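Note that the structure is predicted; figures quoted are calculated from it, not measured.
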Amino acid sequence: MTEKPLLEQLSKFGITELWQIGLVMPIQYKDLRTVLYDFNPYQSFSGMTLFAGHIHSISDIKLGRTKKRNPFIIVELTDQLGFRIKCFVYDTAEKLKSLRHGLAMANQLHPIFVYGLPDYQNQQLIIKNQEFIAPDDLMRLHVVYELTKGRTKAEPKTISALCHLLSERGFLKGCADKLRELLSTTAVNNKQLRQFLGVAPGDNIEQMLQDIHFPDCVERSYARIRQVSKLAAVMIGAEAKLMAKQWGVKRLPLQFQSILIDNRISSLPFQMTDEQTAAALGMISQMGSTISQHMMLIGDVGTGKSCVVGTCAASVVDAGGRVAIMLPTANLARQLHREFTEYYPDLSPTLVIEGESIPGMSACRMLIGTTAILHKQWQFKFDLAVVDEQHKFSVEQREMFCADGAHLLESTATPVPRTTALLKHGVLKVYELKHCFVDKRIESCLLEHYAGRDLALRALSTLQGGHKLLVVCALKEESKCEAFADIQNATDTYDKWCRFIHSNRHLLPEGSGVVLAHGGLTNEENAGAIDALNLGDANVLVATTLVETGLTIKGLNHCIVMNPDRLGLVQLHQLRGRLARHGGVGNFDLLLPPEISQKSKSRLELIAQISHGVTLAIEDMKLRGFGDLTKFGTSQTGANQRYLFGYKINLDDLNEAIELIDCSN
């Protein structure tokens, strides 16, 4: 594969220049230099091990006990003393048949070599994560590369071409030279940098890369990856700082009048808190700049972000400007449009959603809508672009929204990991609302799958108390995909709750009923379901995550989430925010599936432990990665995609790197 086609393939994973290939980190080193022929279970093992033995037995193809019933075979090897080791191999039936035949044939010529992690199961030595090794691959330290983005993996021929380039020792010099060139622009003190990286005197970047890609000691190679990761953190931190200085374009300053701002605040049907007023005045002051500003408003549900946004928007219009407010759903846009029409009747806010005409477009001063705003041909420029529920939009959408020099105000309770990192390091100007204007408490609880009866009783108690219930499912209807076979869907769950309400109607308030909302229904049907709940025509809503952001449902104080492991922490926190909007106690129950990994369970436990949105967003960033903080980066989660590939940069390293940059400037 020549350089141009290779770069076309690699561009899918963030690699756009050849020198970046040197920063593709191995995902694994396989040490095949030492073979263990002794399966004595009483000895101690350390990490991945290469075993050699002869086949004692190969089972027929079996089916797993789970609903997915994945095919597998059991391969049992024996050593010269009769000790045995067992491998469970999962794959398609066709590949397992081929493997059985291949192992049987190979066993006649030489021992079978298997590389994996030794463990014990019922006093039997087994191998986890096993891989059968060809004799020709023995006596070597193998470097394993992989490139992934989401669910996409680089093709084997792409990895092969990448490995070919990395096998040329002179290639790494070009990568090292480029990194030194970029480092020279960061103004980081060389002595402090070396201390931060932990490199010995005489070490250099090229030597670090050589030890990674041409290893002779696994421990040293992993230590070198750690050093290059810290170096990447410095590069990313420097670019993030530079991005903050360069953000925005020149524009005419808005001329605000204090008396008009005060009138907007005093005309609201409620009194703004000192915290809300300070946030609004701070952002209005920022918008008096000759450079477009990037602002962030963070506050949990109930802290009153809407009135702060409204005050800023109305003040911009009073100053002769135009405002566009973009929300993730039509229902949420309608809700905010109703609120702002009540707050600012003289401004006549205009609703912009797909499929509805806009009378008098040229006279519009305040627009409230969905992404439909992005697709209209406006004859004027906006002075303020507001992105509500920021985590629901891509970087490209947000930047398109303010491309003509509008000030950008993003609002959310739970910023995406990329934004969280930028906020944490002072790259964005943030205004945070910390106090809820109503007295409420939300109890979050993880329930095992067998707690269905207890959950039904809890739901019954909620409805008997005159409150409302929200049941959230990850899917709208049954999926044909085998991987989703065990996931509860909204359509079937709706039928179950209809039967539940019918069988318990003698215990429930008059008018009890169930409504359904999901993305497969029309906007009008979903809006009708929400209205039915608010008007008291129903008291149970079964829905997908369509309802996660912004919607207010009167009397809703109980939410049950089915298969919560399929949802992100931010989604779950947003769903929790639908509860007790007007005060009181809310119950947020997460019903776990029968099979769930400890990693997923630990992640969900954060919801039960953390109620503050920003704190939860930081934990989410630690789990998912902070995305790409560089100037042209668009990835909002995951690993950085410019200075390191195949390895996640440690958040603490980024923190220290930015402190190092601040000290050097």
Side-chain angles (χ1 to χ4, degrees), residues 26-62 71-121 124-146 153-169 211-222:
I27 61 164
Q28 183 187 10
Y29 293 103
K30 292 192 296 189
D31 192 347
L32 306 181
R33 297 173 296 183
T34 304
V35 184
L36 191 64
Y37 292 87
D38 179 9
F39 300 171
N40 186 338
Y42 299 104
Q43 62 183 309
S44 59
F45 300 99
S46 178
M48 300 292 283
T49 306
L50 178 62
F51 293 91
H54 288 277
I55 292 177
H56 177 267
S57 65
I58 304 179
S59 74
D60 292 331
I61 295 176
K62 302 174 180 289
F72 71 96
I73 60 172
I74 302 172
V75 180
E76 202 167 13
L77 304 180
T78 183
D79 66 9
Q80 293 179 346
L81 296 178
F83 291 112
R84 298 176 192 172
I85 195 166
K86 190 180 289 187
C87 307
F88 294 82
V89 186
Y90 290 84
D91 213 320
T92 63
E94 183 179 351
K95 289 184 178 180
L96 289 175
K97 288 179 183 177
S98 177
L99 177 63
R100 291 179 79 249
H101 176 73
L103 289 176
M105 295 293 292
N107 190 55
Q108 299 174 14
L109 303 174
H110 45 66
I112 298 299
F113 299 94
V114 60
Y115 181 76
L117 187 65
D119 198 5
Y120 292 97
Q121 190 178 85
Q124 164 75 54
L125 186 61
I126 66 170
I127 294 290
K128 292 182 176 179
N129 305 325
Q130 81 291 321
E131 179 183 354
F132 293 101
I133 305 297
D136 293 343
D137 289 333
L138 299 177
M139 308 310 297
R140 287 193 289 170
L141 187 57
H142 286 249
V143 185
V144 181
Y145 298 97
E146 183 178 275
K153 286 189 177 183
E155 297 178 2
K157 63 179 181 181
T158 302
I159 295 295
S160 177
L162 180 146
C163 291
H164 176 72
L165 277 177
L166 289 172
S167 67
E168 301 174 8
R169 289 180 178 265
D211 288 342
I212 289 170
H213 299 292
F214 298 93
D216 56 22
C217 173
V218 173
E219 290 74 16
R220 181 165 62 246
S221 296
Y222 279 121

Gap separating the NZ atom of Lys86 from the OG1 atom of Thr78, nearest 0.5 angstrom: 12.5 Å
Give the minimum heavy-atom separation between Ile127 and Phe51, together with the two atoms involved. CD1-CE1, 3.2 Å
Measuring only between side-chain heavy atoms, which start at C-beta, is Pro118 closer than 4.5 Å to Leu125? yes
In this structure, which one of Ile73, Leu103, Ile58 forms a side-chain contact (heavy atoms from CB on, under 4.5 Å) with Val89? Ile73
Centroid-centroid under 6.0 Å between Tyr29 and Tyr222 rings: yes
List the residues meeting ring-ring contact (aromatic ring centres under 6.0 Å, His included) with Tyr37, not counting sequence neighbours, and say none if there are none. none
Go through the steps for Val218 and Leu141 under the test side-chain contact (heavy atoms from CB on, under 4.5 Å), then give the verdict. CA-CA 8 Å; Val218 173; Leu141 187 57; 3.5 Å; yes
Polar side chain donor-acceptor pair, Tyr145 to His213, under 3.5 angstrom: yes
Which distance, rounded to the nearest 0.5 Å, do you find between the CD of Glu168 and the CG of Leu166? 9.0 Å
Does Phe113 reach the side chain of Pro135, with side-chain heavy atoms less than 4.5 Å apart? yes
Evaluate the side-chain contact (heavy atoms from CB on, under 4.5 Å) criterion for residues Leu50 and Leu138: first the C-alpha distance (whole Å), next the side-chain angles of each, then the deciding distance (0.1 Å), finally the verdict. CA-CA 9 Å; Leu50 178 62; Leu138 299 177; 3.7 Å; yes
Looking at Gln130 and Phe88, what are the two nearest heavy atoms and their distance? OE1-O, 3.2 Å
What pair of heavy atoms forms the shortest contact from Arg84 to Glu76, and how long is it? CD-OE2, 3.4 Å
Give a yes or no answer on whether the side chain of Gln43 reaches the backbone of Asn40 with a donor-acceptor pair at less than 3.5 Å. yes
Shortest non-hydrogen contact from Ala104 toward Ile55: N-CD1, 4.2 Å
Verdict with supporting geometry, Asp137 and His142, side-chain contact (heavy atoms from CB on, under 4.5 Å): CA-CA 8 Å; Asp137 289 333; His142 286 249; 3.8 Å; yes
List the atom of Val114, the atom of Cys87, and the distance in Å for their closest heavy-atom pair. CG2-SG, 4.0 Å
For the CE atom of Met48 and the CG atom of Leu117, what is their distance to the nearest 0.5 Å? 6.0 Å
Are any non-hydrogen side-chain atoms of Ile85 and Ile126 less than 4.5 angstrom apart? no
Quick one: does Phe132's side chain get under 4.5 Å of Ile112's, heavy atoms only? yes
Who pairs with Lys95 by salt bridge (charged side-chain N to carboxylate O under 4.0 Å, His left out), at least two apart in sequence or on another chain? none
If we ignore hydrogens and angles and just use 3.5 Å, is the side chain of Ser221 paired with the main-chain N or O of Asp211 as donor and acceptor? yes
What pairs with Asp136 under salt bridge (charged side-chain N to carboxylate O under 4.0 Å, His left out), at least two apart in sequence or on another chain? none
Check the surroundings of atom CD in Gln80: do more than 12 heavy atoms from other residues, nucleotides or ligands lie under 6.0 Å from it? no
Can you name the salt bridge (charged side-chain N to carboxylate O under 4.0 Å, His left out) partners of Asp91, sequence neighbours left out? none
Do you know which two heavy atoms are closest between Ile61 and Ala93, and how far apart they sit? CD1-O, 3.6 Å
For Glu146 and Lys153, what are the C-alpha separation, side-chain angles and deciding distance, and is it a side-chain contact (heavy atoms from CB on, under 4.5 Å)? CA-CA 8 Å; Glu146 183 178 275; Lys153 286 189 177 183; 3.7 Å; yes
State which residues pass salt bridge (charged side-chain N to carboxylate O under 4.0 Å, His left out) with Lys30; sequence neighbours excluded, sorted by chain then number. Glu131
To the closest 0.5 Å, what do you measure between NE2 (His56) and CG (Asn107)? 11.5 Å
Residues two or more places apart in sequence or in another chain: which of them pass side chain to side chain contact (heavy atoms under 4.5 Å, CB included) with Asp79? Asp38, Phe39, Leu81, Phe83
